[in-house]
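Per chain, numbering begins at 1; letters A, B, ... match sequence-line order.
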Amino acid sequence: MSMTLEQSEQRKAWGFVAPALAWTLAFFVVPFLFMVAMSLWSRQSGAIVRAWNLDNYLAFFEKAALFKGLVNSLEITLIVTVLSVVLAYPLAWIIAERVPKRFQRMALIMAVLPFWTSYVVRSYSWLLVLSKNGVVNQTLMTVGLVGEPLELASNRTATVIGFTHFFVMLLTLTIYANLIQLSPNYRRAAADLGANAFETFWHVIVPLTLPGIMTGAFLTFVLCIGDYVTPQILGGNNELVLPQIIMLQLGRRADFPMAAALSIILMLAVTLAYVLCARWLKIERA
Amino acid sequence: MLRNVLISTASWVYATLIFGFIFLPVAVLVLFSFQDGRLPVPPFNGFSTQWYTAVFADRKLMAALLNSFVVALFSSLIACLLGFLAAYALARHKLPGSALQRGLLIAPMTVSYLIIALGLLTVLNAFGIPLSLSTVGIGHVVINLPLCFAIIYSSMGDHHVNIERAARDLGASDIKVMVLVTAPMLMPSILAAFFLSVTFSWDEFIIAFLLSRFDVTLPVEIWSLLRSGLNPKTNAIGSLVFQVSVAVLMLLEFTLFRKTGKS
Amino acid sequence: MTAAVSVQNATKTFGMFTALNDVSLDIEAGEFIVLLGPSGCGKTTLLSILGGFLSPTNGRISIGGREMTHVQPANRPTTTMFQDYALFPHMKLRDNVGFGLRMRGMAKAARDEKALGFLDLVGLRAAAEKKPHELSGGQRQRVALARALAVDPDVLLLDEPLGALDLKLRRQMQDELKAIQKRVGTTFVHVTHDQEEAMAIADRIVVMNQGRIEDIGAPADIYMRPRSLFSAGFMGEVNFIPGRVADVDPVSAQIETALGTMTLARSAFTAGAPFAGQAVTLCIRPEHFRRAGNGTAELVTLGSAQMTGQAFFGTHYRCHLRPQGAPDLSIIAHMPQSAHVSEGEAVTLAVHAGDVVVLPSATKDA
Ligand SMILES: Nc1ncnc2c1ncn2[C@@H]1O[C@H](COP(=O)(O)OP(=O)(O)OP(=O)(O)O)[C@@H](O)[C@H]1O
Ligand SMILES: [Mg+2]
């Protein structure tokens, strides 16, 4: 019997989805599984030994230098996430509520304009601002507030500033998108029921924008904890974060198994964060 | 009344401060790209375009610029094409395990670029495949495919189904339906997916860094410039990229998206 | 140009759900057929099977004598006109109408010419350069018709093409559709759930319910001589009066009801020969009631009834009556404008024997 119309349609549909699936399988799933396998091998005297063991993971918990990397990563990421939300929310609110409607789009574009510098250059430009002979130090010295230049770059603060700069822009965008979707009727209803401006904001606006905030915060967390560029340029050599340590394994020692194990740990941290805030995350099903 | 004035003032002060914070590094970057001297930090010695001249004279930078452009263009085209086909198949047909397939296609979005790069690197090494611009492109398709798929898939509304059926009914083959009917109808979101991909690929560092060898992209070339410390030439190439991006953005804003924004 | 359509024992199931249940239907070339039925009864499913968007789970389709069960829509001599018009939003009307010709490889000049001709047919030649979003609902509907006709289909399938239009425009488009169908001679299969629309345009109506065909026939036939209770009720207001066949002879049957015993010709039994003891339902349309004693022959009297309510409808009075023989039955009857009836008044009901249809009562388990 010949194929039914539905069957031949379905067969064609498989043909259309196949290339994308194949690409994802070949260049994402297979490499990932390969990396998982790799993390269970080890590197001895320059060669990779394909003997299954948990040595890399055990080493992570035993060697303080490695474990400290995760702690640094988590601390920096949490500080950056909270700081970015706290700084971005008022800006998004001002653009959504205080700026006249027809200028809002322009104000938003301005607020995220530095996105369009290259990512590497953005961190570099903070060096210009923060380094020993940078803009801030020279200004302070000219004014006479300090005699000696301050050590502003090459430390955790510089990393946090660099990250925050990037994520304030990102979060302003996501929170703004959330705020303008709120019907003005919520505010009117709240005022009608006797709430003052602050109560309205705290009890009505904030809870309603919470999903948007959480989505933005999660995005910040994921991008921040996996980033190598910003800490490498701004963070100095004292408090390495996990991605830097991973890159060290690759570079100096070519220890792929260890790098793979650390990557898996990094991924688990992200997964954990996802599980923790999953109930606020509204990943839209289209 | 008074409270309103207070909020207004506070808003203005806050907005000014934050905008200052956002623009400070970029302003410094651009200003000192015109520095007449060897250090891109105060004092500003005078206006000079010598560093831009130096950028254009730098064969490696120019090659990297071209490489970045090629990689961004091709990886975005592939990502859009594959994403479009997959979205068409999954939005228009009932395939077994379609939720799983969607999940799989979106999955790379939730994984750090570093991990994607590392995974690809280990596999490429294992199979002895040499690193090149193509391997960078492969990596960039991996990160952009989920994006293109998600954007295009979410714009394929059910109200388009009968329009495509009508086209098939009138004799169009599947390819013709897609080219003549589906793609034109979804053009705004396809373009959005494409330009977003180009931006991401253009600016991507870690995958390009780990998966390339001799031919490198612009972010990787700038990375190696950074070894020379603070250098007005880095300012110049950074400002250049910024200015061109903003110009393109404005162009798109006032032509393409102005039009589609209305309809 | 035109072709006959034959559906043989088509069944369509979606998982556990049977959307079409053993449907057989023969349509003559050039006929205007209307599929009529309530929402969800399987009209669209049947149309999709004819158009090539679905294959039947069982059964066969042939069009113009050729086997079509699993043939792609593009390769069928059918075109479909969709309820939401499904015009290509990014194309001018001329290109919309010319699309099918373009797919058939016709050169631009020739197909533009032909497209303009079809736009002319639906009165939209002047708007050829416009895009669909610049048109009103009725105009879009015409473009969809022109586009479907432009490829000279043998069979045109129309899925509730008038559903989105307001009542006035709808009546106007019905007439136009009918006129255009006469002109082009194509077989039309038209879906609707509006029985007035069906009667206005159909050569034959196919009444469907729960995936089955209940009745097939010319509009007057379906209305006056329905072959199922569902069909009788769906085509318009009707009184159902339960009864029992007391006796059968070669030309007539005697029926006992709460309103009295009556003798009806066997032609009143549209759904099959009666047998003694059969539980039946009498179907009487409200406009078929006559006042007894008008002197005309062959009147069957139904006893006296009391007027319990009435409303003036312009062309007639619509009255609620409570029969003396069966106080729990409520009868609806239309009275002429001249009938000065008042509430509480007693009237004697009567009908022409030829207007009564008798159908087997629905058995409990069916
Ligand atoms: N693809 C499908 N999957 C599952 N059930 C379906 C599918 N298509 C139709 N059905 C079911 O089959 C039944 C008949 O559907 P159909 O669309 O033919 O009804 P219809 O008579 O056209 O109704 P309407 O007047 O509302 O358009 C409905 O109950 C519907 O829910
Ligand atoms: Mg329908």
Note to self: Tell me if the aromatic rings of Trp202(B) and Tyr119(A) count as close, with their centers under 6.0 Å from one another.
What the structure shows: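 Between Tyr119(A) and Trp202(B), which both carry aromatic rings, the centre distance is not below 6.0 Å.
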Checklist line | Ring centroid separation Trp23(A) to Phe149(B) under 6.0 Å | finding: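 They do not qualify: ring centres at least 6.0 Å apart.
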Taking the side chain as everything from C-beta on, heavy atoms only, tell me whether [X] gets closer than 4.5 Å to [Y].
X	Y	result
Val17(A)	His93(B)	no
Ser11(B)	Glu97(A)	no
Leu128(A)	Pro25(B)	no

Item checked: Name of the residue among Val246(B), Val30(B), Leu29(B) meeting side-chain contact (heavy atoms from CB on, under 4.5 Å) with Thr117(A) ->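 Going through the options one by one, the only one that passes is Leu29(B).
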I'd like to verify something: which residue of [options] has the highest number of heavy-atom pairs under 4.5 Å with chain B?
options	value
Ser118(A), Pro19(A), Gly15(A), Ala26(A)	Ser118(A)
Met110(A), Met38(A), Met169(A), Arg122(A)	Met110(A)
Val29(A), Leu113(A), Thr164(A)	Leu113(A)

Item checked: Option in Leu210(B), Leu81(B), Ile237(B), Val244(B) with maximal non-hydrogen atom pairs under 4.5 Å from chain A ->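 The candidate making the most pairs under 4.5 Å is Leu210(B).
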Next item on the list: Give the member of Asn235(B), Leu145(B), Val111(B), Val241(B) that has the highest number of heavy-atom pairs under 4.5 Å with chain A.
Entry: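 Ranked by heavy-atom pairs under 4.5 Å with chain A, first place is Asn235(B).
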Which bit of [X] comes within less than 4.5 Å of chain A, counting heavy atoms only: side chain, backbone, both or neither?
X	value
Leu17(B)	neither
Ile206(B)	side chain
Ile22(B)	both

For [X] versus [Y], what's the shortest heavy-atom pair and its separation?
X	Y	value
Leu114(B)	Gly226(A)	CB-O, 4.1 Å
Leu91(A)	Tyr14(B)	N-CE2, 3.8 Å
Val123(B)	Pro31(A)	CG2-CA, 3.4 Å

Notebook entry, point to check: Is it true that Arg168(B) and Glu9(A) make a salt bridge, defined as a side-chain N closer than 4.0 Å to a carboxylate O?
Noted result: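 Answer for the salt bridge query: yes.
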Within this structure, what is the [atom1]-[atom2] distance for the pair [X] and [Y], rounded to the nearest 0.5 Å?
X	Y	atom1	atom2	answer
Leu95(B)	Phe16(A)	CG	CZ	11.0 Å
Arg98(A)	Trp12(B)	CZ	CH2	11.0 Å
Leu85(B)	Leu21(A)	CG	CG	11.5 Å
Thr24(A)	Leu105(B)	OG1	CG	5.0 Å

Next item on the list: Report the relative orientation of the aromatic rings in Phe21(B) and His165(A); use parallel for angles under 30°, tilted for 30 to 60°, perpendicular for over 60°.
Entry: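 Ring orientation, 0 to 90° scale: perpendicular.
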Next item on the list: With side-chain contact (heavy atoms from CB on, under 4.5 Å) as the test, would you mind laying out the steps for Trp116(A) and Thr199(B) before giving the verdict?
Entry: CA-CA 9 Å; Trp116(A) 301 92; Thr199(B) 313; 3.5 Å; yes
Notebook entry, point to check: Is it the backbone or the side chain of Met267(A) that comes under 4.5 Å from a heavy atom of chain B, or both, or neither?
Noted result: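 It is both, since atoms from each part get that close.
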Margin query: Does either side chain, that of Asp227(A) or that of Tyr113(B), offer a donor lying less than 3.5 Å from an acceptor on the other one?
Written below: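 Note: Asp227(A) and Tyr113(B) side chains miss the donor-acceptor criterion.
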Check: Is there a side-chain contact (heavy atoms from CB on, under 4.5 Å) between Tyr124(A) and Leu230(B) once you walk through the steps?
Finding: CA-CA 8 Å; Tyr124(A) 164 81; Leu230(B) 301 186; 3.9 Å; yes
